Participant: 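Handing you this structure, nothing more for now.
None of these values were measured; they are calculated from a predicted model. Throughout, a chain's letter reflects where its sequence line sits, starting with A, and its residues are numbered from 1.
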Amino acid sequence: MGEVTEEIVVVNTLGLHARPAAAMVNTVLPFKSDVHINVNGHQVNAKSIMGLLTLAAAQGTVMTVTCKGEDAEEAIEAVRKLVESGFGEE
Amino acid sequence: MEFENLPINRKDSIPVARMVDEMTDDLELDVMGGYQGMGRSVLTADINRPGLALSGYLDYFASDRIQILGNTEIHFMERLSTSELGRRLERMFSFEIPAFLLSRNLKPSKMFLDMCNRRGIPVLQSRRSTDEVISRVILFLADEFSPETMIHGTAIECYGVGCLIVGLPGIGKSETALELVERGHRLVADDMVTLRRRREDSLYAEATPVIEHHMEIRGVGIIDIKSVFGVGRVRNTKQIGLVMQLEEWNQETQYDRTGLSEEYATILGVRIPFLLLPVRPGRNIAVIMEVAALNHRLKELGIHPAQRLNERLITMMNEGNA
């Protein structure tokens, strides 16, 4: 079982609002790994939209993403791509 | 379900400014001086009445607490000569004091206020009586210093019993909660629940600020329970009396069949009755939870149906043998 942790910065202007949160959930859901995101000591499961919304992660927020499981590497790669692409937003 | 590894948030200190912000309305507070010390830290959820310290006895002076000055202290200070008061305050102020709080709109002497201003020790004043000030400050501080955590789950009040529903994503926590709300019960929080320990032995669920009473129902999206069902179907906080974990029916697991043994979940050090509920098509979880909540209330009233049945059975068998 692999475990990887990475710091990823929110780049899109509006931050992690409802639409990006849904995109995040859909991105990580196919992976078997547990994906957790920690912002300032507040940790949530990335497979929960409401959880992600409680982070209130604005633009510039550093998220500590931890993936745990057999496909941890692939999962974190997918999360990084998604966040760094600004969730397809500006 | 793991409850031991939850990240626990607990404040080590709170700045006096926060107490003033939060308690201004409650205590009808005025800040009379020592403004530059508003960043001073309150370290414990307790207060001190510095009567003995003012009389010159400084061993065991609980200096790190909010110092409450009531009639006694103020009048005692008035009796002292200016030079003597100055000396005693000087010695008291060699300790780190977060703030003074005067009750009953009492006025401090000019000298006291000047010294506090020079040292940057905030002087607060409340209109309320001393005992009222003390109990409100202690309650507020106890709440501020109480440990809290967040958990994925749903909190709902069912027949007056605060129920915490936990289980893996997709097991149907939100859907069960929705059905319970539909049946007239009240939602506290869905998906992300803030849990706070108040006093030593009680655990409270709270709605999380941003999401409040919103709920995500797969296929429908985000709904607001307060708007859809009305304000009567939500509440902001509720003491948890029962923890129920949903899991997919597993042939290997031995589920409780009699209710004779009690299981507990320990969350933030609080022991709460725990039920493991298997989910299977055809099992209406909302109804089962209603029954579990009602049964829990019976037990709280000292009525234990499973035990009673068993005792009756044993008595009958004994009589048969006699």
Side-chain angles (χ1 to χ4, degrees), chain A residues 1 3 5 7 10 12 14-72 75 78-79 87 89, chain B residues 1-12 147-156 165-175 177-178 187-196 205-226 234 236 246:
Chain A
M1 276 248 287
E3 181 179 335
T5 299
E7 293 197 334
V10 179
N12 59 314
L14 293 177
L16 189 60
H17 62 95
R19 212 197 57 80
M24 173 75 81
V25 171
N26 286 329
T27 302
V28 295
L29 220 44
F31 293 101
K32 290 203 181 82
S33 297
D34 283 332
V35 184
H36 285 97
I37 299 183
N38 191 315
V39 173
N40 294 331
H42 171 41
Q43 179 162 306
V44 302
N45 191 326
K47 294 182 181 177
S48 149
I49 288 194
M50 299 312 247
L52 291 171
L53 295 186
T54 62
L55 292 176
Q59 187 181 31
T61 304
V62 181
M63 307 190 295
T64 309
V65 183
T66 306
C67 297
K68 215 184 279 183
E70 49 191 276
D71 50 10
V79 171
F87 304 97
E89 296 183 353
Chain B
M1 185 81 192
E2 286 281 323
F3 295 111
E4 281 98 52
N5 297 330
L6 294 169
I8 299 171
N9 296 318
R10 180 179 217 158
K11 292 176 189 156
D12 301 324
E148 63 162 56
T149 187
M150 274 196 177
I151 191 170
H152 276 287
T154 298
I156 196 158
I165 310 171
V166 293
L168 292 175
I171 192 78
K173 298 183 291 291
S174 298
E175 288 75 5
L178 187 61
L187 181 79
V188 181
D190 183 55
D191 206 16
M192 287 303 290
V193 184
T194 303
L195 296 173
R196 183 188 298 279
E206 289 171 12
T208 310
V210 186
I211 59 177
E212 293 178 324
H213 301 103
H214 289 79
M215 189 185 256
E216 186 219 351
I217 296 293
R218 260 147 255 199
V220 179
I222 296 172
I223 60 168
D224 180 9
I225 296 295
K226 194 152 84 180
V234 295
N236 291 332
L246 301 183

Participant: Quick one, B:I222 with A:M50, criterion side-chain contact (heavy atoms from CB on, under 4.5 Å). Give me CA distance, side-chain angles, the key distance, then yes/no.
Facilitator: CA-CA 9 Å; B:I222 296 172; A:M50 299 312 247; 4.2 Å; yes
Participant: Nearest 0.5 Å, please: how far is CG in A:L52 from CD in B:E216?
Facilitator: 10.0 Å
Participant: CD1 of A:I49 to CE of B:M215: how many Å apart, nearest 0.5 Å?
Facilitator: 14.0 Å
Participant: Return all side-chain donor-acceptor pairs below 3.5 angstrom for residues 60-67 of chain A, not counting sequence neighbours, or 'none' if the list is empty.
Facilitator:
{"from": "A:T61", "atom 1": "OG1", "to": "A:A58", "atom 2": "N", "distance (Å)": "3.0"}
{"from": "A:T61", "atom 1": "OG1", "to": "A:A58", "atom 2": "O", "distance (Å)": "2.6"}
{"from": "A:T66", "atom 1": "OG1", "to": "A:T5", "atom 2": "OG1", "distance (Å)": "3.4"}

Participant: By the side chain to side chain donor-acceptor pair (under 3.5 Å) test, which pairs, at least two apart or in different chains, include something from residues 41-50 of chain A?
Facilitator: A:N38-A:Q43, A:H42-A:T54, A:S48-B:D191
Participant: If you count every heavy atom of other residues, nucleotides or ligands that lies below 6.0 Å from A:N40 atom CG, does the total exceed 12?
Facilitator: no
Participant: Does the side chain of A:V44 reach to within under 4.5 Å of the side chain of B:H152, using non-hydrogen atoms?
Facilitator: yes
Participant: Evaluate whether atom NZ of B:K11 has more than 12 neighbouring non-hydrogen atoms of other residues, nucleotides or ligands under 6.0 angstrom away.
Facilitator: yes
